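Report on the following structure.
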Amino acid sequence: GSYLCVCPPEYQNRSGVCQVNIPPRITGAGSILLVKIGEPSVYNFSVVDDGDTYNVGVVGGIPTGARLTYDKGNFTFSWNVQQVQNLSLMFYVVDSSNATTHLRVQVLTCGCQNEGNCTLNMLNDTSVIVICVCSKAYGGEFCEQDRNGCLEASCFTGVQCFDV
């Protein structure tokens, strides 16, 4: 069999050549952004759209305190989160022909205190939780509880223990 492709008039240039707009391409550094409260976090992504102009933004607007900066097709989203808030950011790119591409990034907030380290725990293919790994001196869900070292290890008889 044979076939024939017909280009609609709205996609033809003055010479009758079919010109179909290809949507912009947006590529990011993964689909999860782990942020720690009170510390700057950065997410980088790039945009390519062959010979077309485009606009970039965040669906619903850029969160308070966040910035989106641009340098030659490379974008940097920076944010200093001040409270626990797990949410999704939806970056968009729309070109001059209204072709649009989206990039969804899940923001996970780490509330670890007292120099606790944040780790991601994959529950299944779609669910991720943040867990705090505390030093020996602290405990609790967010490393907020000071452990009494004297209760965990005893000194020699007659020697006074000081929790440090």
Side-chain angles (χ1 to χ4, degrees), residues 22-50 52-95 98-164:
I22 297 172
R25 292 177 303 282
I26 182 170
T27 307
S31 61
I32 295 176
L33 173 61
L34 179 61
V35 299
K36 191 162 183 181
I37 295 175
E39 294 182 10
S41 298
V42 173
Y43 183 82
N44 296 305
F45 63 95
S46 60
V47 174
V48 175
D49 197 9
D50 302 326
D52 205 352
T53 59
Y54 55 84
N55 290 312
V56 175
V58 179
V59 173
I62 296 174
T64 303
R67 290 179 14 154
L68 184 60
T69 56
Y70 167 79
D71 182 32
K72 300 176 186 169
N74 296 308
F75 292 82
T76 299
F77 175 80
S78 54
W79 195 11
N80 192 335
V81 176
Q82 297 301 316
Q83 63 184 9
V84 174
Q85 50 185 335
N86 294 328
L87 55 95
S88 288
L89 294 171
M90 184 72 74
F91 296 101
Y92 68 84
V93 182
V94 58
D95 69 15
N98 279 336
T100 305
T101 304
H102 293 93
L103 174 66
R104 181 180 173 271
V105 178
Q106 185 178 2
V107 178
L108 299 175
T109 307
C110 171
C112 299
Q113 301 172 27
N114 299 308
E115 299 179 13
N117 292 315
C118 308
T119 60
L120 297 178
N121 186 7
M122 301 293 291
L123 297 178
N124 54 43
D125 290 342
T126 59
S127 297
V128 179
I129 60 171
V130 179
I131 297 175
C132 293
V133 178
C134 308
S135 69
K136 291 182 179 181
Y138 294 94
E141 184 177 1
F142 301 106
C143 307
E144 75 281 8
Q145 299 169 352
D146 183 11
R147 291 185 180 151
N148 185 340
C150 293
L151 295 177
E152 295 178 14
S154 59
C155 295
F156 296 108
T157 304
V159 176
Q160 188 175 2
C161 181
F162 294 93
D163 181 37
V164 291

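Remember, predicted model here, so these are calculated numbers, not experimental data.
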Exercise for review: Count the heavy atoms belonging to other residues, nucleotides or ligands that lie under 6.0 Å from CD of Glu141, then report whether that count exceeds 12.
Suggested key: no
Study note, to complete from the structure: Residue set satisfying ring pair (Phe, Tyr, Trp, His ring centres under 6.0 Å) with Phe75, at least two apart, ordered chain then number -> Phe45, Tyr70
**Study point:** Verdict with supporting geometry, Leu33 and Leu108, side-chain contact (heavy atoms from CB on, under 4.5 Å)
**Key:** CA-CA 6 Å; Leu33 173 61; Leu108 299 175; over 6 Å; no
Check your understanding: With sequence neighbours excluded, what pairs up with Asn44 under the side-chain contact (heavy atoms from CB on, under 4.5 Å) test?
Key -> Val42, Thr76
Check your understanding: Just wondering, do Pro63 and Val81 contact through their side chains at under 4.5 Å, heavy atoms?
Key -> no
**Study point:** Taking every non-hydrogen atom, the tightest pair across Cys132 and Gly111
**Key:** SG-C, 4.4 Å
Check your understanding: Are any side-chain N or O atoms of Thr101 and backbone N or O atoms of Arg25, one a donor and one an acceptor, separated by less than 3.5 Å?
Key -> no
Practice item. Would you name the heavy atoms of Gly38 and Asn80 that are closest together and state the gap between them? Key: C-OD1, 3.1 Å
Practice item. May I have the step-by-step check of side-chain contact (heavy atoms from CB on, under 4.5 Å) for Val105 and Leu103, ending in yes or no? Key: CA-CA 7 Å; Val105 178; Leu103 174 66; 4.2 Å; yes
**Study point:** Step-by-step side-chain contact (heavy atoms from CB on, under 4.5 Å) determination, Lys36 to Leu34
**Key:** CA-CA 7 Å; Lys36 191 162 183 181; Leu34 179 61; over 6 Å; no
Check your understanding: Is it true that a side-chain atom of Tyr54 and a backbone atom of Ala99 form a donor plus acceptor pair closer than 3.5 Å?
Key -> no
Check your understanding: Quick check: are the SG atoms of Cys143 and Cys112 less than 2.5 Å apart?
Key -> no
Exercise for review: Mind checking the CD1-OH spacing from Ile26 to Tyr92? Nearest 0.5 Å is all I need.
Suggested key: 11.0 Å
Review point. Shortest non-hydrogen contact from Leu68 to Phe91?
Key: CD1-CE2, 4.4 Å
Point to revise | Criterion side-chain contact (heavy atoms from CB on, under 4.5 Å) against Val35, the qualifying member of Cys118, Ser41, Cys110 | key: Ser41
Practice item. Locate the shortest heavy-atom distance separating Gly28 from Tyr43; write the atom from each residue and the value. Key: CA-OH, 3.3 Å
Check your understanding: How far does OG1 of Thr100 sit from CG of Asp95, to the nearest 0.5 angstrom?
Key -> 7.0 Å
Practice item. Output, in order, the C-alpha distance, side-chain angles, deciding distance and verdict of side-chain contact (heavy atoms from CB on, under 4.5 Å) for Val93 and Asp49. Key: CA-CA 9 Å; Val93 182; Asp49 197 9; 5.9 Å; no
Exercise for review: Output the distance between atom OG1 (Thr119) and atom CD1 (Ile131), rounded to the nearest 0.5 Å.
Suggested key: 5.0 Å
Exercise for review: Would you give the length of the straight line joining atom CZ of Phe142 to atom CG of Asn114, rounded to the nearest 0.5 angstrom?
Suggested key: 13.0 Å
Exercise for review: Mind listing the closest non-hydrogen atom pair of Gln82 and Ile37 along with its distance?
Suggested key: O-CG2, 3.6 Å
